[in-house]
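See structure below.
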Amino acid sequence: MAQVVWSIAGSDSGGGAGIQADIKAMQSFGVHACTAITALTAQNSLGVEAINSVATDVIESQLQALATDMPAKVIKIGMLANVQQIQLIAEHISHYKQKWSQPPIIVYDPVAIATSGDRLTEEDTIDALKTHLLPLVDVITPNTQEIQLLTGVYLIGPDAVREAASKLVEMGVKSVVVKGGHWDYPKGYCVDFCLWQGQEYWLGNETISTPHTHGTGCSLSSAIAACLAKGYPLKDAFILAKAYINQGLYAATRYGEGIGPVAQTGFPTNLTYYPQVIEAGSWLADELDFAQPNPFNFAAGFADTNGELGLYAVVDSVDWVEKCLSAGVPTVQLRIKNANVETLEADIQTAITLGKKYQSRVFINDHWQLAIKHGAYGVHLGQEDLCEANLKAIQEAGLRLGVSTHGFYEMLRAHNYRPSYLAFGAIYPTTTKDMTGQIQGLEKLSHFVPLMAEYYPTVAIGGIDLSVAPDVAKTGVGSIAVVRAITESEDHRVAIEQLKACLE
Ligand SMILES: Cc1ncc(COP(=O)(O)OP(=O)(O)O)c(N)n1
Ligand SMILES: Cc1ncsc1CCOP(=O)(O)O
Ligand SMILES: [Mg+2]
């Protein structure tokens, strides 16, 4: 069943922003949008002509109808026209948070000023927002003007953005997404910021040149709300919403004499529209003066694997490396955890030699220094490893680099390095490794693969066995990586033949 998301917001008679934008953006991400309308604005592409706020009892009856039958996984709040509305919505949200068996996630877009510059709320609402609503908000999505209005901080650079976001957190908001559409630093770039679970995330892309930006704020926050309802973590929802807006800006057209609406164009399927994850060491990060812990952590462009990797066995001993290679597995990874320091180097060296003997690919997990020393075909690194490893040395030694990713953010982060392949996981629950909170499922895999397959060999890992391998292969992924499906099979040679057949 489709997830239910509510939008509590104002109607835009011009169809480009407000409730109308919210419904279209939510629809694009496959969730069901319900609405409670707070105001009827009379506006067109030239500006706002009138604001007719809806009486609180009328808003309340809409909320009651929804709450009794269609409770929301996520509630997006947009335009609240006056103090009475803020108090009413805060009371209801507080009740849902306490009483519903699954408390809703609250996304608040503090709509204060329309793209046309017209003010949409009464002057005295700011204090009421701070007192009643902000402490209930999980994600707030202000633009430059709105965050200035709420915090008094002028966004003159990344440090000011951080400071303003921290002030919102002090006011009780859990996470902050700051929309950078109104900044122009670095020149010609649009930079967005997200503070989530105490960590900061920055995205950037070249500014898309169009005057038709009406509704971008409402659509971005609705896309975030929809993605949260779909189970994406905020860092992924942030990326997807941004890509959605970029895609919509490229397709935006005018319908009146003035500013046209951002187009609402479906799940973003082309990498061109995705923003760059701003990674320390990259050009954009340098422009923003981001600290770079180690200069060797950033390198881009790794040796080619010359095509897809096929069946990929991940094993923990030299014995298994040989068994897999001799049974015709084209790609094997030696993944030794809790290594015995006395045998580790010799094991790695033997695995590399076996790879050469069988003319197959042998990747070394984690131990990149030994992999370089003994001339491995490649190394496989996780997201945390990327901050520690000497990527320049791996690149200069000509080793292939495979990178694990768990979701859109990590995938785009890995893309900065232009690795030799990308692994997506865990697709299904697994007992081999604790992947709590990182299970992707087939739906997400079927978004990752078409986005990246043009640029990289792709690998799916986690909980894959013969019963699901055909479904995984149908996503178009180039390789299936398995541990138990081989090592715990009755006959590894039979299992290998059957798994290979799924990819053919
Ligand atoms: C092919 C492949 N994909 C993902 C992983 C996981 O690597 P990592 O995130 O580094 O975690 P550990 O394997 O080190 O626990 C992998 N090993 N292989
Ligand atoms: C190493 C690793 N990384 C993500 S899932 C996983 C383990 C996969 O093991 P299995 O194939 O037995 O589920
Ligand atoms: Mg690792």
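Atoms within a ligand are numbered from 1 in the order they appear, just like the ligands themselves.
Near V482, the atoms of ligand 2 lying under 4.0 angstrom from a non-hydrogen atom of the residue are 11 (O). Near G463, meaning under 4.0 Å from one of its heavy atoms, ligand 2 places the atoms 10 (P), 13 (O). Within ligand 1, the atoms closer than 4.0 Å to a non-hydrogen atom of Q333 are 1 (C), 2 (C), 16 (C), 17 (N), 18 (N), numbered from 1 in the order shown. Each of the following atoms of ligand 1 lies closer than 4.0 Å to a heavy atom of A423: 3 (N). Below 4.0 Å from some heavy atom of G382 lie the following atoms of ligand 1, by number and element: 8 (P), 9 (O), 10 (O).
Checking Y421 against E308 by side-chain atom types alone, no donor-acceptor pair falls below 3.5 Å. In this model, a donor atom of one side chain and an acceptor atom of the other lie less than 3.5 Å apart for R484 and T431. Using modelled atom types and a 3.5 Å distance limit, the side chains of H374 and E345 yield a donor-acceptor pair.
At a 4.0 Å cut-off, at least one heavy atom of R335 sits close enough to ligand 2 to count as contact. Heavy-atom separations between G425 and ligand 2 are all 4.0 Å or longer.
Between Q383 and ligand 1, no N or O atom pair is found at a separation short of 3.5 Å. Ligand 1 has no N or O atom lying under 3.5 Å from any N or O atom of L381, backbone or side chain. Residue contacts with ligand 1: H406 is placed with no nitrogen or oxygen under 3.5 Å of a nitrogen or oxygen of the ligand (distance criterion only). Taking any N or O of Y421, backbone or side chain, none lies under 3.5 Å from an N or O belonging to ligand 1.
Between W320 and H492, the ring planes lie perpendicular to each other; the angle is over 60°, past the 30° to 60° tilted range. Y96 and W6 have perpendicular rings, their planes meeting at more than 60° on a 0 to 90° scale where under 30° would count as parallel.
F424 does not carry K444 over the face of its six-membered ring by the limits of under 6.0 Å from the centre and within 45° of the normal. Figure legend: cation-pi geometry between R162 and F193 absent, as NZ or CZ is not positioned both under 6.0 Å from the six-membered ring centre and within 45° of its axis.
In terms of distance to the Mg ion (ligand 3), the nearest N, O or S atom of D366 is named OD1.
Here atom 2 (C) of ligand 1 lies nearest to H380 when heavy atoms of K433, M435, H380 are compared.
Under 4.0 angstrom from ligand 2, the non-hydrogen atoms of V483 come from both its backbone and its side chain.
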